[in-house]
S.K.: 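This is the structure I want to talk about, given as structure tokens.
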Amino acid sequence: MSRIAACFAELKAQGRAAFVPFVTAGDPDFDTSRAILEALPGAGADLIELGMPFSDPMADGPAVQASSLRALHAGATMARTFKLVRGFRQRDAKTPIVLMGYYNPVHARGAERFVREAAEAGVDGFIIVDLPPEEDAVLLKPANAAGIDIIRLVTPTTHDARLVTVLNGASGYLYYVSITGVTGTKSFAENDVKTALARIKKASTLPVAVGFGIRTPAQAAQIARIADAAVVGSAIVSVIAERQKDGKDKIVAAVSELCRALADSIHAQAGAKVRA
Amino acid sequence: MSTLPNSIRSGPDASGHFGAFGGRFVAETLMPLLLELEQAYEAAQNDPSFHKELDGLLTHYVGRESPLYFAPRLTEHFGGAKIYLKREDLNHTGAHKINNCLGQILLARRMGKTRIIAETGAGQHGVATATVAARFGLPCVVYMGEVDTERQKPNVFRMNLLGATVRPVTSGSRTLKDATNEALRDWVANVEDTFYIIGSVVGPHPYPTIVRDFQTVIGNETRAQMLAQDGKLPDLVVACVGGGSNAIGMFHPFVDDAEVEIHGVEAAGEGVDTSRHAATITKGSPGVLHGARSYLLQDAEGQILEAHSISAGLDYPGVGPEHSWLKDIGRVKYFSATDQEALDSFQLLSRLEGIIPALESAHALAHVAKIAPKMRKDQAIAVCLSGRGDKDVFSVAQALGEKI
């Protein structure tokens, strides 16, 4: 069983939802990023989405844009992203890591080489935001062969007929984008998300994570009651931005504190989940 | 050996690809909208009333057809081929951009969209979009890089006069690429009511096709005018290429005419061997940006590089996917002209023909300056004069060290 499948199976047995933090690889610099990554499981992370920095993150709001630029200014490269994952894997064999980002850095490396290096480093899944099912065959084939999941995005505009296309080839889990908009800019409406999740659950047995509009522990708890995982990104990288001048230890402490609060709030919803 | 299709004009394929280029590389939120847009566009193309309305507006609002002007003194100056200028600078709003904006806003109305957004570099597309939005009474937001709002102040004022809101973009290099990112972010957040009028033959399918089709009026007119005025097709067709909308509009009706040579001219900025240029096809490599696979200026990691040109309209690190394909199959040759060469041609045309060209178009003229003297006097060149240069007088004065 893959690390992602094992993670959701264990959570299901415990009747609770996953806390999924998003951080950008190399933000604000390589060493601090490594320390943040290593602290996340202890702060309650069940699965980690690790952003691959890109100069033109079209689907992201100001917080994640700034995070990507901080990493690039500090010398982030794809090789160093893999180095972070390799280092993490040596200490943690359990927590799944999903690489999230845009297609061009993958394209520049070549999809096959990218998948091979990711597999060697211990990556478990890919979310490539601007690579819809119509275009992702180039990544899907080598990823499947390497046992890496392709996590597809479902959005409020994904109607039922289109959902079939999105689900075809999806594995690991589904990522439901809770708002129409870029990351970290709007808040979700609980009823809309509930309706969408019921629709998705009817069409797929994959776990569903919800993200894009979750900032606070209270919002995370709302999502944990209705979904399999809650993803928080902008709120976390905003803490990195605020504490950037304070040095590694304080940044890690501040990120851990926020993650602990989010995780506790999510994990406290055990057993309350509505299953479609 | 690769084989060419029977017609080079038949692309893209059903999934929006021109050979290995094009496609739809966007977030899932936008995919259903692009599919809907594709259907709406097909329906419009098959609806005679759509064409009737568009043709009426092109005639009475834009002032088409635009003249094809034989430039006697420029021809004499170079001493070679006859030079004909396709006068897109005489269109309402002063450039070719309005051809596409009218087509797209009619499409927006058919789709029931009530809010218009656009990106702009030099401001010509922003002005054209603000113009058609005013004409049809729709609210309009134009994203423009902060750097460009500085170097194209008159166009910012024009857009405001026309009732549009100009949002300066402060992310990234604060130019056209970043304005496009921001327009895409707006679109994702306002999918219900908003129509994004893309200004060039870039972006996800079906945009490169839609914009091309609306700009093809340039080449169709030029072709007929050349036959009428010169008795034959031109030996060479030339246009400047940023994203490449005036160029594809000019080129497309000629691509199946094997006897017509076609040259696109990119902005070489301070030189293609420096880091400050916008010669995407000449110096770039294939990649994915703003929804399509095409040539890009990028580093080895796939991070997008900043482009540079004295002309804000050519200052873009990407290019239309169909141009990338036309380059790879060898049908169109791509060259470049530097800031200085464009400045020289800007002044030359002003003095010899009494026509102040846009700095963008001056790049095409700079290439003509190199080619025309080598051609015979019975040969002819058709150049797309894509816009007028009134908007550029401040930046040209600055480049020439004069204060106005």
Side-chain angles (χ1 to χ4, degrees), chain A residues 52-62 65-66 68-69 72 75-81 101-110 114 127-136 138 152-159 161-163 165-166 174-177 179-183 185-186 212, chain B residues 14-17 20 22-36 169-173 177-194 203-205 284-294 296-306 317-318:
Chain A
M52 299 178 282
F54 182 49
S55 54
D56 293 78
M58 279 91 72
D60 283 300
Q65 286 175 43
S68 210
L69 287 182
L72 288 173
T77 61
M78 196 66 87
R80 299 189 103 196
T81 297
Y102 295 83
Y103 183 46
N104 201 49
V106 175
H107 180 277
R109 207 162 191 82
F114 170 76
I127 304 173
I128 311 296
V129 177
D130 57 350
L131 198 64
E134 282 83 352
E135 301 283 356
D136 77 1
V138 62
R152 293 260 177 81
L153 300 176
V154 180
T155 71
T157 59
T158 312
H159 47 74
R162 181 158 176 79
L163 192 54
T165 308
V166 172
L174 295 168
Y175 189 128
Y176 181 68
V177 176
I179 54 164
T180 53
V182 293
T183 52
T185 49
K186 292 183 188 171
F212 268 52
Chain B
S15 57
H17 292 84
R24 280 175 292 226
F25 295 86
V26 295
E28 172 59 24
T29 311
L30 294 180
M31 273 304 292
L33 278 86
L34 292 173
L35 296 168
E36 190 190 334
V169 175
T170 56
S171 59
S173 58
K177 138 184 117 71
D178 312 284
T180 307
N181 289 336
E182 217 49 48
L184 283 166
R185 290 179 186 124
D186 180 310
W187 195 26
V188 167
N190 298 285
V191 288
E192 288 302 319
D193 65 347
T194 297
H205 177 66
S285 55
V288 173
L289 180 69
H290 297 151
R293 185 173 188 276
S294 197
L296 287 182
L297 297 179
Q298 58 183 330
D299 68 13
E301 287 283 320
Q303 307 297 342
I304 309 304
L305 298 172
E306 291 179 16

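Side chains included, hydrogens not; waters and symmetry mates left out as well; all remaining heavy atoms used. Residue numbering restarts at 1 for every chain, and letters A, B, ... go by the order of the sequence lines.
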S.K.: Sort B:Q298 into side chain, backbone, both or neither according to what part of it lies under 4.5 angstrom from a heavy atom of chain A.
M.R.: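 Side chain only.
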
S.K.: So, does A:T157 use its side chain to make a donor-acceptor pair with the main chain of B:T29 at under 3.5 Å?
M.R.: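 Such a contact is found between A:T157 side chain and B:T29 backbone.
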
S.K.: I need the minimum non-hydrogen distance between B:R185 and A:P57, along with the two atoms involved.
M.R.: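 Looking at all heavy atoms of both residues, the closest pair is NH2-O, 2.7 Å.
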
S.K.: Could you go step by step and tell me if A:E134 and B:S15 meet the side-chain hydrogen bond (donor to acceptor under 3.5 Å, both in side chains) rule?
M.R.: CA-CA 8 Å; A:E134 282 83 352; B:S15 57; over 6 Å; no

S.K.: Name the member of B:A27, B:P204, B:A189 that forms the most heavy-atom pairs with chain A at distances under 4.5 Å.
M.R.: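 Of B:A27, B:P204, B:A189, B:A189 has the most heavy-atom pairs under 4.5 Å with chain A.
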
S.K.: What option among A:H159, A:R109, A:M58, A:K186 has the most heavy-atom pairs under 4.5 Å with chain B?
M.R.: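 Winner by heavy-atom pair count: A:M58.
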
S.K.: Among B:I304, B:L305, B:L184, which has the most heavy-atom pairs under 4.5 Å with chain A?
M.R.: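 Sorted descending by pairs with chain A, the first entry is B:I304.
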
S.K.: Considering only heavy atoms and a distance below 4.5 Å, find which of B:S171, B:G287, B:P32, B:S285 pairs most often with chain A.
M.R.: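 Top count of heavy-atom pairs under 4.5 Å with chain A: B:P32.
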
S.K.: What verdict does the side chain to side chain contact (heavy atoms under 4.5 Å, CB included) test give for A:Q65 and B:N181, after you've listed the backbone C-alpha separation in whole Å, the side-chain angles of each residue and the deciding distance to 0.1 Å?
M.R.: CA-CA 11 Å; A:Q65 286 175 43; B:N181 289 336; over 6 Å; no

S.K.: Between A:A108 and B:A300, which heavy-atom pair has the shortest distance, and what is it?
M.R.: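 Of all heavy-atom pairs spanning A:A108 and B:A300, the closest is CB-O, 3.9 Å.
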
S.K.: Measure the OG1-CG distance between A:T155 and B:L30 for me, rounded to the nearest 0.5 Å.
M.R.: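 Interatomic distance, A:T155 OG1 to B:L30 CG, rounded to 0.5 Å: 8.5 Å.
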
S.K.: Any idea which heavy atoms bring B:F25 and A:P132 closest together, and the distance?
M.R.: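 So the minimum-distance heavy-atom pair works out to CA-CD, 4.1 Å.
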
S.K.: Given side chain to side chain contact (heavy atoms under 4.5 Å, CB included), test B:L289 with A:N104 step by step and report yes or no.
M.R.: CA-CA 7 Å; B:L289 180 69; A:N104 201 49; over 6 Å; no

S.K.: Would you check if the side chain of B:Q303 reaches a backbone N or O of A:S55 as a donor-acceptor pair within less than 3.5 Å?
M.R.: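 Flag set: sc B:Q303 to bb A:S55 pair under 3.5 Å.
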
S.K.: Select one option (side chain, backbone, both, neither) describing which atoms of B:H290 are under 4.5 Å from chain A's heavy atoms.
M.R.: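 Both parts, backbone and side chain.
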
S.K.: Of the backbone (N, CA, C, O) and the side chain (C-beta and beyond), which part of B:D178 lies under 4.5 Å from a heavy atom of chain A, both, or neither?
M.R.: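 Contact with chain A: side chain only.
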
